[in-house]
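Notes follow the structure.
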Protein chains: 2
Amino acid sequence: MGLTKSEIFTTEQNQISSIAKVFGHPARVAILQYLFKINSCICGDLVEEIGLAQPTISQHLKELKNIGLIKGNITGTSICYCIDKDNWTEMKTTLSIFLNQDLNDNSNCC
Amino acid sequence: MGLTKSEIFTTEQNQISSIAKVFGHPARVAILQYLFKINSCICGDLVEEIGLAQPTISQHLKELKNIGLIKGNITGTSICYCIDKDNWTEMKTTLSIFLNQDLNDNSNCC
DNA sequence: ATCTTTCATCGTAATATTGCAATATAATAA
DNA sequence: TTATTATATTGCAATATTACGATGAAAGAT
């Protein structure tokens, strides 16, 4: 069906998977890494840096912006993108709780 | 096209996005959370706990197993699943490096 | 040997994602 | 006003994902 049954999951589970989904494409990982390295850049820089067509990069930027991980600032004809610090930190906290769950001794099983 | 151009990205970028992709569905997040809580369980437990059909759960378990985050052990007619500790730790390291990149001061932009 | 239980696999329908060409929009430059 | 530049949006084709019914396989129970 291709349609996730979100309603049967907790808010936390949906939140975690939504964030992870955005990280689930190498282009978006590359964009974020570049933004960390370069601090801020415009769409055209990413098109050159990454090597995907402009509409494709624009689409990935939109998804990153939708979930709040980056923000854009209009400066003339171009748009300056950068990491949204506060939201990045918040996202890290959410993921950390999930990733750092305590693991009981499961040597009796696998 | 629906086809990711993996070849234009670094191994690290593809690795990070592959892991994140697996976390990108609430059912798989729920399965992992349950395994952390319960230590180990069989497929049928997850079908009841989560409320998706058995083939669907089985499919999600397969993806988690493929990337190495869980492992299964045949015990009679059922299969005991649990977190793969070593791989979970390794995965956490990979994600941590990405999530904890240093953020320069970007107050000049956004 | 036959039934039951448990899980995987197959096949398929519905929806989502990825990527890009073409086009639209919006600000600046000439 | 008419380019030019930079990005967003639209439309579409190809592929991927999600979900489940039907079926298969394998171990244990009767």
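We name chains A, B, ... by the order of the sequence lines, and we start the count at 1 in each one. Please read all numbers here as calculations on a predicted model, not as lab measurements.
Following rounding to the nearest Å, B/Ile79 (CD1) and D/dA25 (P) show an atom-to-atom distance of 15 Å. The distance between atom NZ of A/Lys65 and atom C1' of D/dT9, rounded to the nearest whole Å, is 12 Å. As a whole-Å value, the separation of A/Leu61 CG from D/dT7 C1' is 10 Å. Between A/Asp45 atom CG and D/dA6 atom C1' there is a gap of 11 Å when expressed in whole angstrom units. Between the CD1 atom of A/Ile57 and the P atom of C/dC20 there is a distance of 9 Å, rounded to whole Å. At whole-Å resolution of the value, CG in A/Asn73 and P in C/dA27 are 14 Å apart.
Listed by residue number, there are no residues of residues 12-33 of chain B with a heavy-atom contact under 4.0 Å to DNA chain C.
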Protein-nucleotides 20-23 of chain D N/O pairs under 3.5 Å:
unit_1	atom_1	unit_2	atom_2	d
D/dC20	OP1	A/Lys5	NZ	2.6
D/dC20	OP2	B/Ala53	N	3.0
D/dC20	OP2	B/Thr56	OG1	3.2
D/dC20	N4	B/Gln59	OE1	3.4

Can you check nucleotides 27-30 of chain D for protein contacts, nitrogen or oxygen pairs under 3.5 Å, and list what you find?
none

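You'll find that the side chain of B/Ile42 is closest to C/dC7, out of C/dT9, C/dC7, D/dA8. Listed candidates were C/dA8, C/dG19, D/dA8. Nearest to the side chain of A/Tyr81 is D/dA8. Closest approach to the B/Ser78 side chain among C/dC7, D/dT7, C/dA8 is made by C/dC7 (side chain taken as heavy atoms from C-beta onward).
Each of B/Phe9 and B/Lys62 was matched to the nucleotide of DNA chain C holding its nearest heavy atom; the match closer to the 5' end belongs to B/Lys62.
Side chain of B/Trp88 to backbone of A/Leu99: a donor-acceptor contact under 3.5 angstrom is found.
In this structure B/Glu63 satisfies the salt bridge (charged side-chain N to carboxylate O under 4.0 Å, His left out) test together with B/Arg28, sequence neighbours excluded. Not a single salt bridge (charged side-chain N to carboxylate O under 4.0 Å, His left out) links A/Glu12 to another residue, sequence neighbours left out.
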With a 3.5 Å cut-off and sequence neighbours excluded, list the donor-acceptor pairs that the side chains of residues 14-22 of chain A form with protein atoms.
unit_1	atom_1	unit_2	atom_2	d
A/Asn14	ND2	A/Ser6	O	3.1
A/Asn14	ND2	A/Thr10	O	3.2
A/Ser17	OG	A/Gln13	O	3.0
A/Ser17	OG	A/Asn14	O	3.1
A/Ser18	OG	A/Asn14	O	2.7

